[in-house]
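Accompanying notes for the structure given below.
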Number of protein chains: 2
Amino acid sequence: MLRLSKQADYGIVLLSYFLEPDSAPGTGNGMPRSARDLAQLAELPAPMVSKILKHLTRAGILTSQRGSHGGYHLARPATEISLASIVTALEGEIAVTECSPLLTDRTCSHESHCPVRTPLQRLDSIVRRALDGVSLAELVEPTTHRNAS
Amino acid sequence: MLRLSKQADYGIVLLSYFLEPDSAPGTGNGMPRSARDLAQLAELPAPMVSKILKHLTRAGILTSQRGSHGGYHLARPATEISLASIVTALEGEIAVTECSPLLTDRTCSHESHCPVRTPLQRLDSIVRRALDGVSLAELVEPTTHRNAS
DNA sequence: CCGATACTGGACTCGAGCGGTCCTATATTA
DNA sequence: TAATATAGGACCGCTCGAGTCCAGTATCGG
Ligand code: SF4
Ligand code: SF4
């Protein structure tokens, strides 16, 4: 459990295709990738792919180009795209509990007297920091630790 | 998102009541706590509390005593109960993706050609390690870092 | 200027899984 | 033996995620 939603999962899969220099013979390397092409590459349903790319674009992770020969490409180098930003884009603010201050629709009725409310918020930052420390580039190719740290 | 299930959330809440030396005036301190008492303390529905405590017991985190004056108490000191064990007990193996080797009912049809399957398994261990590094005692009372490390 | 392409935004349906309840059986003790 | 309290699991309603679909808009080629 603590499962990632499929949208987030597939989102990472799709983004990984932007890293490969030249995967499909017919397509150029610097060209934007269309939703349809990506769907075919990843063997995922096209509407789903489209939906995910839209969300990633709105979050500023991808940039889009309409019209023929349009498509998507990374908005910044893969070393500067954290997993946290991907997950946040596709399934909302990272919050282990319902009572996170980041959430607007908090419905837990125990906030006032819960003995672990505050402690669990530190857990939030632990998880968030963990996902923040891994970039897309590092995830896919562990040897590509460009910024050593 | 990446939300904890309510069972896990409430489980942590309930366990925290085992740490306080003497919370309710009527009850002794070393006495086992019954499901009914805990439900009243935490202001949670009794059947739910019962279900959670049962799961925690089967996982070896609590021990139970039947009969009158029965109840539950911690199976080991709170410093040796990791959050990971609690979460695992209440919502199953910690796995960020469906394709974790720890899971038996893997249904993802992309395991064979997925470019991020292996990388994401490292993410699994990152999250698991994070939850493993926090004990129940440390969570509730951050000053109680008995083993400094 | 027209039509094809491809993204944009959001509504919509369907099914699995979660939250929550309840009941029967068993162990313990007064 | 009666009262207490856990053990185990079946059961159900409802939410939310997965996935589809469509009307709208921008862009480019001809
Ligand atoms: S207030 Fe307590 S019970 Fe409610 S969501 Fe936060 S941690 Fe969980
Ligand atoms: S195989 Fe790939 S797509 Fe399937 S669950 Fe694992 S990471 Fe996600």
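Within every chain, numbering begins at 1; the chains are lettered A, B, ... in the order of the sequence lines, protein sequences first and strands thereafter. Small disclaimer: the values here were computed from a predicted structure and weren't measured.
- Partners of A/T63 under the side chain to side chain contact (heavy atoms under 4.5 Å, CB included) rule, at least two apart in sequence or in another chain, are A/H73, A/A75.
- Legend: residues meeting side chain to side chain contact (heavy atoms under 4.5 Å, CB included) with A/A130, ordered by chain and number and at least two apart, are B/I126.
- In terms of modelled atom types and a separation under 3.5 Å, the side chain of B/T57 and the main chain of B/L53 share a donor-acceptor contact.
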Below 3.5 Å is the cut-off: list the nitrogen or oxygen pairs between protein and nucleotides 9-17 of chain D, distance only.
none

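- Going from atom CG of A/L83 over to atom CG of A/L139 covers 5.0 Å, rounded to the nearest 0.5 Å.
- Cluster membership for B/V87 and B/M1, using ILVMFWY side-chain heavy atoms within less than 4.5 angstrom, is not shared.
- Across the protein-nucleic acid pair, B/Y10 atom OH and C/dG20 atom C1' stand 10 Å apart, rounded to whole Å.
- The CG-C1' distance, from A/L62 to C/dC7, rounds to 12 Å in whole Å.
- Note: CG (A/L56) to C1' (C/dT8) measures 14 Å, nearest angstrom.
- Computed from coordinates, the B/H55 NE2 to D/dT6 P distance equals 15 Å when rounded to whole Å.
- As a whole-Å value, the separation of B/D37 CG from D/dT4 P is 13 Å.
- Across all strands, B/S50 comes closer than 4.0 Å to no nucleic acid atom at all (heavy-atom distances).
- Between D/dA7 and B/Y72, a contact under 4.0 Å exists linking OP1 or OP2 to a side-chain N or O.
- For A/R33 (side chain) and A/G71 (main-chain N/O), no donor-acceptor pair under 3.5 Å exists by modelled atom type.
- In this structure, the side chain of A/S85 does not engage the main chain of A/I81 through any donor-acceptor pair within 3.5 Å.
- Taking atom CE on A/M48 and atom C1' on C/dC7, their separation rounds to 17 Å, with Å as the unit.
- For residues 102-111 of chain B, every residue pair satisfying the side chain to side chain donor-acceptor pair (under 3.5 Å) rule, not counting sequence neighbours, is listed here: B/E98-B/T107.
- A/L44 places its CG atom 13 Å from the P atom of D/dA18, with the value rounded to the nearest Å.
- For B/L102, the side chain to side chain contact (heavy atoms under 4.5 Å, CB included) partners at least two apart in sequence or on another chain are B/E93, B/S100, B/R128.
- In this structure, B/S64 reaches the D/dA7 phosphate: one of its side-chain N or O atoms is under 4.0 Å from OP1 or OP2.
- Distance CG (B/L14) to P (C/dG20): 13 Å, rounded to an integer number of Å.
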Polar atom pairs between nucleotides 26-30 of chain C and protein, under 3.5 Å, N or O only, would you list them?
unit_1	atom_1	unit_2	atom_2	d
C/dT26	O2	B/R66	NH1	3.0
C/dA27	O4'	B/R66	NH1	3.1

